[in-house]
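Down below is the structure, laid out as structure tokens.
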Amino acid sequence: MPELPEAETIRRQLLRSVRGAVITETRVLHRRMTRNQPRRPSLRALTEGRRITDVGRHGKMVTLTLDPPATLLIRLGMSGQVLVCRDDAPPGDHTRVRFRLRGGEELRLDDMRMFGGVQAFPSADPAAIPPLAALGPDALGLDFTREHLAATLRKRTAPLIALLMNQSLVAGLGNIYANEACFAAGVHPLRRGGDLRRPDHAALHNAVRRVLAEAVRLRGTSMRDGLYRDLDGAPGDYQRRLRVYAREGEPCLRCRTPITRARHQGRSVFFCAKCQR
DNA sequence: AGTTGGACCTGACTGC
DNA sequence: TGCAGTCAGGTCCAAC
């Protein structure tokens, strides 16, 4: 599932493969993918004829900086896949948006479930791009400090797992890494945010960074449903390192207690009832 | 303002 | 074999 590590893997590969390329033609194969784009300026007007000068990321969002100045925002949703291929390669069943590049290549967004999307803005300044400005600090960025985490959780009554996945508080965590970070910190994911104490903040902050950094190193997590693939079509390797996610009933790797699965707001929450308090 | 629950979306899987 | 039901989850929106 595309969370920060998967988005970062794609960002790095895009940087190598499309930086410097000029978009010559933009085609939207399914309208849902551009549901957030205003009629004017249109996606086409903001992308065609512009050069990709940089590829960035904030949380789970991938940004292509264009020249003349504009920004193309890519959200992977839960089944989004970015591909770079020849522009004459036939589109797949789930190919949704195609950006033809000068020189015969093409940047594509495939997305079976269409929770993802693309949106372009007439500025290269992140502060001028509302979806980016609404995000909290990137979970691997310098602004995500232990103090920020503590202030964020203070007085909150929602469960920790929900707060960690709230992108306006800290950007980059989805269900998999939020569950893994809670385990690594030894904190129960359903505790109210405001109930955490200073040692919890320190452990959790440390755990978030450690888990995400390791997942980036292993190029993300690909579960059995096979939805996440990188730019080359290769799966990530972090699924081998999962310690609680999707391990209901299996022994905790620290204490052998069977992992518990609970439900919160329709999402699965995984934890060790003995190691996480 | 913070929190909660449903809707969106499609393919894989399960049980009868 | 076929079909209905369930599950997965990022994000947005309405309701409390």
Side-chain angles (χ1 to χ4, degrees), chain A residues 1-10 28-38 57-63 73-82 91-97 109-119 129-136 138-139 151-182 189-196 212 215 220-229 235-236 238-239 242 244-249 259 261-270:
Chain A
M1 313 301 150
E3 303 178 29
L4 185 153
E6 292 77 18
E8 175 63 15
T9 301
I10 286 164
V28 176
L29 280 57
H30 200 299
R31 289 188 52 182
R32 181 168 163 79
M33 299 303 283
T34 51
R35 58 195 177 282
N36 294 319
Q37 183 76 40
R57 180 192 60 73
H58 192 117
K60 306 170 186 176
M61 297 188 191
V62 175
T63 58
L73 194 68
I74 300 177
R75 303 171 194 239
L76 297 165
M78 79 165 287
S79 57
Q81 297 179 32
V82 176
D93 288 349
H94 305 118
T95 301
R96 308 301 189 192
V97 188
L109 181 60
D110 282 29
D111 189 354
M112 182 179 78
R113 292 180 192 166
M114 293 187 288
F115 282 14
V118 295
Q119 193 175 2
I129 296 171
L132 292 177
L135 295 174
D138 184 84
T152 285
L153 300 181
R154 196 166 152 261
K155 297 195 174 172
R156 302 293 289 251
T157 60
L160 182 56
I161 188 84
L163 298 170
L164 287 176
M165 285 195 286
N166 183 334
Q167 303 299 299
S168 69
L169 302 179
V170 51
L173 294 163
N175 205 29
I176 294 177
Y177 299 112
N179 274 282
E180 292 297 313
C182 287
L190 297 180
R191 265 174 75 182
R192 292 170 183 258
D195 289 348
L196 270 67
L212 290 177
T221 302
S222 296
M223 302 299 290
R224 207 173 22 199
D225 60 18
L227 288 181
Y228 169 68
R229 291 292 182 270
Y238 195 76
Q239 60 278 6
L242 296 175
V244 284
Y245 185 82
R247 292 194 66 244
E248 180 186 16
I259 297 299
R261 175 164 91 143
R263 287 256 155 201
H264 178 256
Q265 296 197 339
R267 305 287 184 261
S268 288
V269 184
F270 299 92

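Every value quoted in this text rests on a predicted model; they were computed, and no experiment measured them. Every chain is numbered from 1 and lettered A, B, ... according to where its sequence line falls, protein lines coming before strand lines.
Place A162(A) and R96(A) on DNA chain B by their nearest nucleotides, and A162(A) ends up nearer the 5' end.
Going from atom CG of D195(A) over to atom P of dT3(B) covers 12 Å, rounded to whole Å. Atom pair D93(A):CG and dG11(B):C1' shows a separation of 12 Å (rounding to whole Å applied). In this structure, N36(A) atom CG and dC13(C) atom P are separated by 8 Å, rounded to whole Å. Look at CG on D111(A): it is 13 Å from P on dG10(C), rounded to the nearest Å. Between Q265(A) atom CD and dA14(C) atom C1' there is a gap of 14 Å when expressed in whole angstrom units. Atom CE of M78(A) and atom P of dA8(C) are 10 Å apart (whole Å). Distance L76(A) CG to dA8(C) C1': 16 Å, rounded to the nearest Å. To the nearest angstrom, P of dG10(C) lies 13 Å from CG of L164(A).
Taking all atoms of both residues into account, the shortest heavy-atom contact from H264(A) to P159(A) is NE2-CG, 3.2 Å.
Remark: R35(A) is not in phosphate contact with dG10(C), judged by side-chain N or O atoms under 4.0 Å from OP1 or OP2. In this model, the phosphate group of dG11(B) is approached by a side-chain N or O of H94(A) to a distance below 4.0 Å at OP1 or OP2. Within the 4.0 Å cut-off from OP1 or OP2 of dG11(B), not a single side-chain nitrogen or oxygen of S79(A) is found. Distances shown here put a side-chain N or O of R156(A) below 4.0 Å from the OP1 or OP2 atom of dT3(B). Note on K155(A): every side-chain N or O is 4.0 Å or more away from OP1 and OP2 of dG2(B). Distances shown here put a side-chain N or O of T157(A) below 4.0 Å from the OP1 or OP2 atom of dT3(B).
Counting any heavy atom pair closer than 4.0 Å across all strands shown, R154(A) reaches no nucleic acid atom. Within the nucleic acid shown, P159(A) comes within 4.0 Å of sugar-phosphate atoms alone, with no base atom in reach, counting heavy atoms only.
Taking the side chain as every heavy atom from C-beta outward, Y228(A) and T9(A) approach each other to under 4.5 Å. Looking at V118(A) and L109(A), their side chains come closer than 4.5 Å, going by heavy atoms from C-beta outward.
R267(A) contributes no side-chain N or O that forms a donor-acceptor pair with the base of dG5(B) under 3.5 Å. A donor N or O paired with an acceptor N or O is found under 3.5 Å between the base of dA8(C) and the side-chain atoms of R113(A).
In the set dT4(B), dC7(C), dC9(B), the nucleotide with an atom closest to the side chain of R261(A) is dC7(C). For R263(A), taking side-chain heavy atoms from C-beta onward, the closest of the listed nucleotides dG10(C), dT3(B), dC7(C) is dC7(C). The nucleotide whose nearest atom lies closest to any side-chain atom of R75(A) is, among dT4(B), dG10(C), dC12(C), dC12(C).
The closest side-chain donor-acceptor pair between Y177(A) and E6(A) falls under 3.5 angstrom.
With respect to R57(A) and E8(A), a salt bridge is recorded, a charged nitrogen being found less than 4.0 Å from a carboxylate O.
Here CG of L153(A) is found 10.0 Å from CZ of R191(A). Values are rounded to the nearest 0.5 Å.
Taking the 5.5 Å centre cut-off and the 30° plane limit, the aromatic side chain of F115(A) is not classed as stacked on dT11(C).
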